Amino acid sequence: MATLAVTRRFDLTDGQWAVLEPLLPVPKGPGRPSQWTKRQLIDGIRWRVRVGAPWRDVPECYGSWQAVYALFRRWQRAGVWARIVAGLQGRADAAGLICWQVSVDSTIARAHQHAAGARTRPDEQAEPPAPGGGEPADHALGVRVAACPPRHPMVVGVKQRRSLAG
C-alpha cells in the first residue's frame, strides 16, 4: 500500500516506518482489503497509548476506533507486539544502542503494605522457600556489561541498614 503523508506531530516518520514495516506480520491470505493502512492504524494505537484517552476518542484520521482497537487486540492476543519489541531491541542491541545495566537504589524500593505479614502455611506457596530459608542462589544477581561505562555502582543484592539515631 502507499504510505500516508505524516501530518500529525507524533506520527511515525518515514524513517521510523521503514524500520518498523519489516517487523509487521504478513497477511495470511486474500481477503477484503482494509479501508485504512497499517500505518494509520498503528499511529492510532500509538496516539491512544500516548494520550491515555478511551478508544472511542481516537481521531478519525487514524481510522475508525473499532478498527484501531481490533488491530491492537488481535496483535496483542497473537503476540505480535512482543515480537515487534524483541525485533527492535535486537536491532538496537546489535547497533550498540542498548546498555543492559541494572541499578537499584534501596532507599526507594519499598514493600507494599500487604507484604508485611508472612504466610501461615509456606508449604502451600506456589514457589516453596529455598532450603534453609535463605534466598535462591540466582536471586538478585547483577551483571555488568563490558560495553557499559560504570556510571553508577551496582548495588543489586546489597543490604544496607541505617540507624534511626542518625
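In this text, all values refer to a predicted model and were calculated from it rather than measured experimentally.
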Expected output: side-chain D43 to main-chain Y62 donor-acceptor under 3.5 Å: no
Parallel, tilted or perpendicular: which describes the rings of F72 and W55, with under 30° parallel and over 60° perpendicular? tilted
Taken in chain and number order and not counting sequence neighbours, the residues that satisfy side chain to side chain contact (heavy atoms under 4.5 Å, CB included) with A70 are R74
Tell me whether R39 is salt-bridged to D14, with the criterion being a basic N under 4.0 Å from an acidic carboxylate O. yes
Please check if W100 and L97 belong to a single hydrophobic cluster, counting links between Ile, Leu, Val, Met, Phe, Trp and Tyr side chain heavy atoms closer than 4.5 Å. no
Could you check whether any side-chain N or O of Q40 sits under 3.5 Å from a backbone N or O of C61, counting only pairs where one atom can act as donor and the other as acceptor? yes
Between the main-chain N or O of T37 and the side-chain N or O of S34, is there a donor-acceptor pair closer than 3.5 Å? no
What about V19 and V80, same hydrophobic cluster or not, with Ile/Leu/Val/Met/Phe/Trp/Tyr joined at side-chain heavy-atom distances under 4.5 Å? yes
Rounded to the nearest 0.5 Å, how far does CH2 of W47 lie from CG of D11? 11.5 Å
Step by step, work out the side chain to side chain contact (heavy atoms under 4.5 Å, CB included) result for I42 and L20. CA-CA 10 Å; I42 291 172; L20 182 62; 4.2 Å; yes
If a pair satisfies side-chain hydrogen bond (donor to acceptor under 3.5 Å, both in side chains) and one of its residues is in residues 75-92, list it, with sequence neighbours excluded. R73-Q76
Is the CZ atom of R50 crowded by more than 12 outside heavy atoms at less than 6.0 Å? yes
Rounded to the nearest 0.5 Å, what separates atom CG in L71 from atom CD in Q66? 13.5 Å
Would F10 and W36 show up in the same hydrophobic cluster when neighbours are defined by side-chain heavy atoms closer than 4.5 Å? no
When rounded to the nearest 0.5 Å, the distance separating OG of S64 from CG of L41 is 8.0 Å
What distance separates W65 CH2 from R48 CZ, expressed to the nearest 0.5 Å? 11.0 Å
